[in-house]
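A quick write-up on the structure given underneath.
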Amino acid sequence: MSRVKSGVELQERDLEILKLVFSFRVVTFDQIERKCFSERHETAMRRRIGKLVKYEFLRRGVIERNGKVEKILFPTARTAETVISSWRFRIDKPLLKSESPEHDIRLAELGLRLEKRSGFCNFFPENLLQSS
């Protein structure tokens, strides 16, 4: 299923990316690649992320971690507007600004690792809890 929104046709994978970024407030390109583009070439991911940034669904930035610079993504108001109805509970005060990008990236890593475990059911990141 796709939705046309503000000049771009959002695919299921786009919605998955937006939900991931909104859930954690900050994620790295590497985390998005592992979760949403594991079967695709990195160029496909970069092109799609570029389009989501161009149409203001995401903002990009950089952070220095472990002695190297990593590209990161942040949610925008358009991200929240697009995904808040995706959860079974009401998101009535969406939080977009990260107070600690390093913390949010680590939490995203924990969430991604838990998803791979057998018996995994749900993980509600801090941002979802604080936003609802």
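Since we're looking at a predicted model, the values are computed, not measured.
With rounding to the nearest 0.5 angstrom, the CE atom of Met45 is 12.0 Å from the OG atom of Ser38. One finds the CG atom of Leu73 at 4.5 Å from the CD1 atom of Ile32 (value rounded to the nearest 0.5 Å). Atom SG of Cys36 sits about 13.0 Å away from atom CD of Gln11, to the nearest 0.5 Å. For the atom pair CD of Glu16 and CG of Leu20, the computed distance is 7.5 Å after rounding to the nearest 0.5 Å. Summarising the geometry, atom CG belonging to Leu107 is positioned 10.5 Å from atom OG belonging to Ser100; distances are rounded to the nearest 0.5 Å. Taking CG of Leu18 as the start and CZ of Arg78 as the end, the distance is 11.0 Å to the nearest 0.5 Å.
Transitive grouping of hydrophobic side chains (ILVMFWY, heavy atoms separated by less than 4.5 Å) brings Leu52 and Val21 into a common cluster. Linking Ile, Leu, Val, Met, Phe, Trp and Tyr whenever their side-chain heavy atoms come within less than 4.5 Å leaves Leu110 and Ile72 in two separate clusters. In the hydrophobic clustering of this structure, Val26 does not group with Phe123; members are Ile, Leu, Val, Met, Phe, Trp, Tyr whose side-chain heavy atoms approach within less than 4.5 Å, directly or through other members. When the side chains of ILVMFWY residues are joined at heavy-atom separations under 4.5 Å, either directly or via intervening members, Val27 and Leu95 end up in two distinct hydrophobic clusters.
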Legend entry - Evaluation steps, side chain to side chain contact (heavy atoms under 4.5 Å, CB included), between Arg25 and Lys97: CA-CA 7 Å; Arg25 281 185 255 192; Lys97 188 174 186 299; over 6 Å; no

Legend entry - side chain to side chain contact (heavy atoms under 4.5 Å, CB included) assessment of Ile91 paired with Val83: CA-CA 10 Å; Ile91 307 268; Val83 300; over 6 Å; no

Legend entry - Verdict with supporting geometry, Glu126 and Asp104, side chain to side chain contact (heavy atoms under 4.5 Å, CB included): CA-CA 9 Å; Glu126 183 177 32; Asp104 295 335; 4.3 Å; yes

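Within the 3.5 Å criterion, the main-chain N or O of Glu56 finds a donor-acceptor partner in the side chain of Thr76.
Within 6.0 Å of CZ in Arg46 there are more than 12 heavy atoms belonging to other residues, nucleotides or ligands.
Every residue two or more places apart in sequence or in another chain that forms a ring pair (Phe, Tyr, Trp, His ring centres under 6.0 Å) with Phe22 is listed here: Trp87. Partners of Thr43 under the side-chain contact (heavy atoms from CB on, under 4.5 Å) rule, at least two apart in sequence or in another chain, are His41, Arg47. Residues passing the side chain to side chain donor-acceptor pair (under 3.5 Å) test with Arg48, sequence neighbours excluded: Asp14. Residues satisfying the ring pair (Phe, Tyr, Trp, His ring centres under 6.0 Å) criterion with Phe124, sequence neighbours excluded, are Phe89.
Taking all atoms of both residues into account, the shortest heavy-atom contact from Phe24 to Gly111 is CZ-CA, 4.3 Å. The heavy-atom pair separating Leu96 from Pro75 by the smallest distance is O-CG, 3.7 Å. Between Ala80 and Pro94, the shortest heavy-atom distance links the atoms CB-CB, 3.9 Å.
Figure legend: Arg13 and Phe37 shown as a cation-pi pair, the cationic atom lying under 6.0 angstrom from the six-membered ring centre and within 45 degrees of its axis.
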Per-pair distances, 0.1 Å, donor-acceptor, side chain in residues 112-119, under 3.5 Å, sequence neighbours excluded:
from	atom 1	to	atom 2	distance (Å)
Arg113	NE	Glu109	OE2	3.3
Glu115	OE1	Lys35	NZ	2.9
Glu115	OE2	Lys35	NZ	3.3

Report, one line per pair, each donor and acceptor closer than 3.5 Å where one atom sits in a side chain of residues 57-65; sequence neighbours left out.
from	atom 1	to	atom 2	distance (Å)
Arg65	NE	Glu102	OE1	3.1
Arg65	NE	Glu102	OE2	3.3
Arg65	NH1	Glu70	OE2	2.9

